[in-house]
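Just below is one structure, and these are the notes that go with it.
Values below: all heavy atoms of this structure, side chains included; hydrogens, waters and symmetry mates excluded. Below, chain A is the first sequence line, B the second, and so on; all start at residue 1. From a predicted model like this one, the values you see are computed outputs, not experimental measurements.
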There are 4 protein chains.
Amino acid sequence: MARPLSEEKRAAILRAATELVATVGTSAATSQIAKRAGIADGTLFTYFPTKDDLLNQLYLSIKSALAEAIMTDYPSRAGVFERTRHCWDRLVNWGAEHPTQHKAMRQLSVSDRISRNTRDAVNLAFQDINTMIRDNLSRDAADDESAAFVGALITAMSDVTLDCIAAHPEKIDLYRESGFQVFWNGVRP
Amino acid sequence: MARPLSEEKRAAILRAATELVATVGTSAATSQIAKRAGIADGTLFTYFPTKDDLLNQLYLSIKSALAEAIMTDYPSRAGVFERTRHCWDRLVNWGAEHPTQHKAMRQLSVSDRISRNTRDAVNLAFQDINTMIRDNLSRDAADDESAAFVGALITAMSDVTLDCIAAHPEKIDLYRESGFQVFWNGVRP
Amino acid sequence: MARPLSEEKRAAILRAATELVATVGTSAATSQIAKRAGIADGTLFTYFPTKDDLLNQLYLSIKSALAEAIMTDYPSRAGVFERTRHCWDRLVNWGAEHPTQHKAMRQLSVSDRISRNTRDAVNLAFQDINTMIRDNLSRDAADDESAAFVGALITAMSDVTLDCIAAHPEKIDLYRESGFQVFWNGVRP
Amino acid sequence: MARPLSEEKRAAILRAATELVATVGTSAATSQIAKRAGIADGTLFTYFPTKDDLLNQLYLSIKSALAEAIMTDYPSRAGVFERTRHCWDRLVNWGAEHPTQHKAMRQLSVSDRISRNTRDAVNLAFQDINTMIRDNLSRDAADDESAAFVGALITAMSDVTLDCIAAHPEKIDLYRESGFQVFWNGVRP
DNA sequence: TATGAATGAGCCTTCATTCAT
DNA sequence: GATGAATGAAGGCTCATTCAT
């Protein structure tokens, strides 16, 4: 059968949604997404019962991919600086290599359609990273809020860095480095 | 002239729009905005010919208020540290005092309905602040891109700080201080 | 007082309405008409209580002007041919000289907003002409319906003639003549 | 394919549109048309992407039906008189049998919502008839403008005839005959 | 009387979701 | 399961008319 299997369809929907959300935001029409995914309007709803569901799962899947990119080859036994540097570089490189996912992710993160549940699940995917932050970077190791603060700072600063890289792709090395300097000088223990 | 355009009504529309955009984003319906402003659906369009116009003017007015809050009593003759500290404190205090405006501002700043023109006008309102950044904080005083980078970092870091303050209003002093430390340590010349 | 007198305003409204109806049809907005007449939106309604009233009076006034143009210098004592020829030439000349009025008139004549009353009043303005038709041209002098038939034919044929003239103004003499030939050969007693 | 587009529904929409356009003109609301066609408001737009599209296709379909009615059993080998007579009778009979279509057609033909394209397509449908006119009736066989003039005259005169028939349906034979006499005497070669 | 802001019904169109095929 | 036509509730905007000034 030339038709892709179910899992491929699901992936095609998510891919199409990523591209459209990156371009036009969460107001992208489901029928547009279906068309770009190469399926019928109604089929989308057998994979995602609701547009909100699609958006939430999309957000979760992108964030998970990012978390995985960061944690692959994480040098657990290296020093704080190197571990931090590893995370930053992976984060920025992933964003530079996946600009569409990154744009979609930003659109989704400010949307009110992403539920409490989804945000919790995302935190779960970032658990290891958060732990690392709590242990190494937050001012007060016992303080969850402090860790969340630093985690949010990384995200925010990498977003800015990636915006600049998107505007001037040839300066990726410069911006990755500058961004890290600011971050590290700002938050190092 | 018959009834003149009422400045109060215009303000009521902007206020209603601020609240709804903060809550549900730019997809807030004009009829909801009108209802909340206490006027008829059609009246909104005598004040703002288009929903996009309303959104753009709303963005400009919030950003201008913020710029004014920052620049009031700006200690031009003080040292770099004090001037920077002034801006940071004003920015964070304004955000803490106007959480709705701040949320609306964030929604608007990622929206593609804000025009190039409006963004230029906003830059004009922030001209003094941008100049200050370029002269004092950016790595290369001659480099516009570097100044933009630092400016975006301030915004991003204050957004994070304000999110945390919104979640724990009683810790405003702590977060304002922590945020500044990270910022200052990160970008000081 | 530099402001025009009432009668002038009424005329200005009718003039503006003529131009707009000719251009965009009866869906021309009253506020557009008011603007083009140089008056306020509300003022229009002190001269014409309703848009339908305006449209009806406009139709009547144009038709009356046409009737007057036709009947001026009507050669009552001349023969049938000459009297008929006079009417035709006047009709076509008026249309060629007042293309805007003619276009507006045609738009109005197919509109369902022109009331029975107005159509009766128009007939009154054309009474003399109708009488002439009944006496000279209709197949059966006693038959009102027959006269109406011929009257409508004149109008229809002159409309066609005027459309052609509007498309090729330089051929006015040709079309006026051809049109008359068709008409006269068709309906002469 | 799931449910295919239903030819019946399309026809129902066109029928409803015909009736409403005949009654209130092109300002007939799409929601009224949908209601009268027995479908949901939105469904109309799966058959006609735009109100203008609906209007244009309606015009084309009515005009095509008329052209077909005229050309059916056209006596190609008969003399000029008989061929002309055939067309006239068919035209008038069609109008008398389809008064609603005829009224709608008149409304549409003066509307500026009918595009150049549609008018060209209509001309195509009338190509045979136009050829007949050019060859037999127009003063100058080589002259397109002259043929257009005569064509417009037929339409105009039949419209008048049909109006009279609509007012006095019992006199259809009389009016059909009188109309033809006027037309034939007027334009015969 | 003139003005033009205010009103709200109504218009065309979009779109998430359902369901007959 | 896949399809896409059908649905109808909004949505942004227009406009004839009213009425405070």
Side-chain angles (χ1 to χ4, degrees), chain A residues 1 3-6 9 27-35 38-55 113, chain B residues 1-6 9-10 27-35 37-55, chain C residues 1 3-6 9 27-35 38-55 113, chain D residues 1-6 9-10 27-35 37-55:
Chain A
M1 177 173 23
R3 199 95 62 78
L5 297 175
S6 261
K9 259 176 202 163
S27 66
T30 53
S31 71
Q32 291 295 312
I33 296 171
K35 180 185 291 181
I39 59 165
D41 286 18
T43 304
L44 186 150
F45 292 93
T46 73
Y47 289 86
F48 303 93
T50 272
K51 185 179 178 183
D52 276 11
D53 272 289
L54 167 57
L55 257 19
R113 309 181 76 155
Chain B
M1 193 182 353
R3 245 165 309 178
L5 278 176
S6 139
K9 248 164 215 164
R10 205 189 113 95
S27 65
T30 54
S31 70
Q32 292 297 313
I33 295 171
K35 182 181 293 179
I39 58 168
D41 286 17
T43 304
L44 187 148
F45 294 94
T46 73
Y47 288 84
F48 303 92
T50 272
K51 184 179 176 183
D52 275 12
D53 272 285
L54 168 56
L55 257 18
Chain C
M1 172 173 28
R3 200 94 62 81
L5 297 176
S6 262
K9 261 176 200 163
S27 65
T30 53
S31 72
Q32 291 295 312
I33 296 172
K35 180 185 291 180
I39 59 165
D41 285 17
T43 305
L44 186 149
F45 292 92
T46 73
Y47 288 86
F48 303 93
T50 270
K51 185 179 176 182
D52 276 10
D53 273 288
L54 167 57
L55 257 19
R113 309 180 76 155
Chain D
M1 194 184 352
R3 245 166 308 179
L5 277 177
S6 138
K9 249 165 213 164
R10 206 190 112 96
S27 66
T30 54
S31 70
Q32 293 296 313
I33 295 171
K35 183 182 292 179
I39 57 167
D41 286 16
T43 304
L44 188 149
F45 293 93
T46 74
Y47 288 84
F48 303 94
T50 273
K51 186 181 175 181
D52 275 12
D53 273 286
L54 168 57
L55 257 18

Establish, with yes or no, whether the OP1 or OP2 oxygen of E:dA5 is under 4.0 angstrom from a side-chain nitrogen or oxygen of B:T43. no
How many angstroms lie between OH in A:Y47 and NZ in A:K9, if you round to the nearest 0.5 Å? 5.0 Å
Hey, does the side chain of D:K51 reach the backbone of D:A28 with a donor-acceptor pair shorter than 3.5 angstrom? yes
Dump every N/O contact between nucleotides 10-14 of chain F and the protein below 3.5 Å, one line per pair.
| from | atom 1 | to | atom 2 | distance (Å) |
| --- | --- | --- | --- | --- |
| F:dG12 | OP1 | B:K51 | NZ | 2.7 |
| F:dG12 | OP2 | B:T30 | N | 2.8 |
| F:dG12 | OP2 | B:T30 | OG1 | 3.1 |
| F:dC13 | OP2 | B:K51 | N | 2.8 |

Phosphate-side-chain proximity, C:Y47 and E:dT1, N/O vs OP1/OP2 below 4.0 Å: no
When you measure from the side-chain N and O atoms of A:T46 to the phosphate of F:dG1, is any distance below 4.0 Å, counting only OP1 and OP2? no
Listed by chain and number, what are the side-chain hydrogen bond (donor to acceptor under 3.5 Å, both in side chains) partners of B:D52, not counting sequence neighbours? B:R113
Rounded to the nearest 0.5 Å, how far apart are OG1 of B:T50 and CG of B:D53? 5.0 Å
Can you check whether A:K9 has a side-chain N or O nearer than 4.0 Å to OP1 or OP2 of F:dG1? no
Rounded to whole angstrom units, what separation is found between the CG atom of A:L54 and the P atom of E:dT17? 10 Å
For DNA chain F, what is the dot-bracket line, given that a base pair needs Watson-Crick (N1 to N3, plus N6-O4 or O6-N4) or G-U wobble (N1-O2 and O6-N3) geometry with both distances under 3.5 Å, and | means paired with another strand? .||||||||||||||||||||
For the pair made of CG in C:L44 and P in F:dC15, what is the distance, rounded to whole Å? 14 Å
NZ of A:K35 versus P of E:dT14: gap in Å, rounded? 12 Å
B:A34 versus B:A40, closest heavy-atom pair with distance: CB-O, 3.9 Å
Rounded to whole angstroms, how far apart are CD1 on D:I33 and P on E:dC12? 8 Å
Once you apply a heavy-atom cut-off of 4.0 Å, does D:F48 come out as touching a base, just sugar-phosphate, or nothing? nothing
A:T30 OG1 to A:L54 CG distance, which is reported to the nearest 0.5 Å: 8.5 Å
Would you give the length of the straight line joining atom CZ of C:F45 to atom CZ of C:F48, rounded to the nearest 0.5 angstrom? 11.0 Å
For the side chain of D:S6, starting at C-beta, report the closest nucleotide among F:dA6, E:dT3, F:dT3. F:dA6
Given side chains that start at C-beta, do those of A:I39 and A:L44 come closer than 4.5 Å, heavy atoms only? yes
